[in-house]
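Since the structure comes first, as structure tokens, the remarks are kept for the end.
Keep in mind it's a predicted model, so treat the numbers as computed, not measured.
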There are 2 protein chains.
Amino acid sequence: MKVSTKKEEFLQESLKLIHEKGFKATTMRDIADRLGFDVSNSYNYIKSKQEILESFLFRTSNEFHDSMNNIMGSNYPIDEKLKQVISAHIKIASQRPYEVALMVNEWRNLKEPKYTQYVELRDTYEQKFGDLLKEGIDNHIFKAMDIEIATAVILSSIRWFYDKYTNDGKSNLNPIELERQIIDFVFNGVLL
Amino acid sequence: MKVSTKKEEFLQESLKLIHEKGFKATTMRDIADRLGFDVSNSYNYIKSKQEILESFLFRTSNEFHDSMNNIMGSNYPIDEKLKQVISAHIKIASQRPYEVALMVNEWRNLKEPKYTQYVELRDTYEQKFGDLLKEGIDNHIFKAMDIEIATAVILSSIRWFYDKYTNDGKSNLNPIELERQIIDFVFNGVLL
DNA sequence: TTCAAACATAAACAATTGTTGATTAAAAAA
DNA sequence: TTTTTTAATCAACAATTGTTTATGTTTGAA
């Protein structure tokens with residue numbers, strides 16, 4: 001007895017529509033229309049519109065945290081850990097681009113208390129990333145940098161990846177090649 | 001006879017509120033409430049809610065384009081041009097953080113034909129940035145890179161600056177120090 | 001003082017939106 | 001076959017929202 005196929009279909013279509021139009025601009029009637037049934041039927045699948053956002057955001061957030069925790073708990077050298085965090089990000093973004101797009105663009109639409117919970121999760125992730133950088137600096141693997149700036153710069157530089165794997169992003173980038181170039185950039189910059 | 005102080009106050013308060021709550025979530029009544037008058041009075045200052053968004057977005061977009069065009073038209077060496085583009089971005093983001101925040105977060109709420117116009121402006125800017133990188137690669141100043149990836153990475157890594165200059169961003173970063181670290185990162189990466 | 005511009009309010013509008021309740025049909029499980 | 005889930009519809013709701021119209025007040029320049 002698998003989880004209702006119809007429910008899964010409903011959620012996937014919701015996800016894509018919210019990605020296209022934005023959460024606030026997507027109405028329950030928009031979603032129902034695309035699936036070919038009446039609005040009210042949607043509430044056989046979900047409790048509220050908010051629930052759609054919440055489930056996608058927290059599920060994907062957990063994926064990021066699990067991968068971060070695995071890497072942090074390993075014995076790899078610090079530069080290898082940084083590579084793996086970037087690699088994990090590309091993997092998740094290429095496998096679930098629409099969910100990642102929601103994380104980037106629609107988290108503001110969460111309501112309390114989910115909003116605060118989500119922001120805290122995000123802060124924790126950034127904190128761990130900053131710790132990783134700090135360890136690299138202390139061990140003289142990375143150059144001296146302002147942790148706050150470096151964290152923001154590096155995380156921002158990888159945040160847009162999802163765009164290359166949604167259908168509206170024109171080109172379809174090879175994840176392996178993307179990873180190679182990003183890591184080279186983060187480690188060595190643009191100079192020869 | 002200066003342009004109505006009250007109108008300027010109205011627009012500034014709108015800008016901040018839209019930054020805080022998002023464009024869709026900000027109602028005309030929210031703005032009027034904060035200014036202490038009735039909704040309908042707002043329409044003595046503006047023609048429509050959309051107009052608020054449009055005016056801020058296109059005005060600030062023009063600032064970026066003007067500075068980009070000035071730099072492109074100069075005779076500086078290519079690596080110096082890249083530095084200046086980054087520097088100009090920091091300058092605009094630190095002077096008008098709320099406007100830049102709107103550019104980053106609320107452009108999706110534009111309606112046609114403004115939406116398409118804005119996206120085209122954005123594409124043009126990225127195109128010029130890519131041309132700059134390409135020239136640097138051809139002249140063996142920058143290493144060989146995929147232009148599409150490099151453009152996205154570098155522009156993303158500088159897009160968040162506004163956050164350090166809005167009041168909700170906690171710390172207040174020194175623009176000079178920020179610029180130094182960013183340029184060092186973009187040119188040389190994190191390795192020693 | 002006169003007069004236009006700027007500033008303000010009250011009332012209402014039409015449309016949209018998330019959600020509920022009652023009910024029925026179909027499908028799956030017992 | 002009976003019974004329970006699942007899937008669907010129709011109608012309606014209460015609230016919100018952008019905007020308009022008509023009207024009144026304040027103010028600064030002529």
Please write out the pairs of protein N or O atoms and N or O atoms of nucleotides 8-11 of chain D separated by less than 3.5 Å, giving the distance to one decimal.
| from | atom 1 | to | atom 2 | distance (Å) |
| --- | --- | --- | --- | --- |
| D/dA8 | OP1 | A/K6 | NZ | 3.2 |
| D/dA8 | OP2 | A/N41 | ND2 | 3.2 |
| D/dA8 | OP2 | A/Y45 | OH | 2.8 |
| D/dA8 | O5' | A/N41 | ND2 | 3.3 |
| D/dA8 | N7 | A/N41 | OD1 | 3.2 |
| D/dA8 | N7 | A/N44 | ND2 | 2.7 |
| D/dT9 | OP2 | A/D38 | N | 2.5 |
| D/dC10 | N4 | A/S40 | OG | 2.5 |

**Study point:** Whole-Å gap separating C1' (D/dA12) and CZ (A/R29)
**Key:** 11 Å
Distances under 3.5 Å only, N/O to N/O: pair up the protein atoms with those of nucleotides 25-29 of chain D.
none

**Study point:** Nearest-Å distance for atom pair NZ/P, residues A/K24 and D/dT17
**Key:** 9 Å
Check your understanding: Can the ring centroids of B/F23 and B/F56 be said to lie less than 6.0 angstrom from one another?
Key -> no
Check your understanding: Salt bridge check: are B/R180 and B/E177 linked by an N-O gap of less than 4.0 Å?
Key -> yes
Check your understanding: Starting at CG of B/D33 and ending at P of C/dT9, how long is that distance when rounded to a whole Å?
Key -> 11 Å
Review point. Hey, is B/R122 close enough to B/E126 for a salt bridge, meaning N to O under 4.0 Å?
Key: yes
**Study point:** Spacing between B/K111 atom NZ and D/dG18 atom P, to the nearest angstrom
**Key:** 10 Å
Point to revise | Pairwise distance NZ(B/K49) to CD(B/E54) - rounded to 0.5 angstrom | key: 12.5 Å
Exercise for review: Could you tell me the separation between the CE atom of A/M28 and the C1' atom of D/dA15, rounded to a whole number of Å?
Suggested key: 17 Å
Exercise for review: Take the protein atom CD of B/E9 and the nucleotide atom P of C/dA6, then report the distance between them rounded to whole Å.
Suggested key: 16 Å
**Study point:** Separation of A/L15 CG from A/H19 NE2 (nearest 0.5 Å)
**Key:** 8.5 Å
Point to revise | Residues A/R34 and A/D30 bridged, charged N to O under 4.0 Å | key: no
Check your understanding: What is the distance from CD1 of B/I46 to C1' of C/dA6, rounded to the nearest Å?
Key -> 16 Å
Point to revise | Lys/Arg cation over aromatic B/F58: B/K114, 6.0 Å, 45° cone | key: yes
**Study point:** Criterion side chain to side chain contact (heavy atoms under 4.5 Å, CB included) on B/F161 and B/V104, from CA distance to verdict
**Key:** CA-CA 11 Å; B/F161 291 162; B/V104 173; over 6 Å; no
Practice item. Whole angstrom is fine here: how far is it from NZ in A/K49 over to C1' in D/dT16? Key: 13 Å
Review point. Which pair of non-hydrogen atoms, one from B/V100 and one from B/A93, has the smallest distance, and what is that distance?
Key: CG2-CA, 3.9 Å
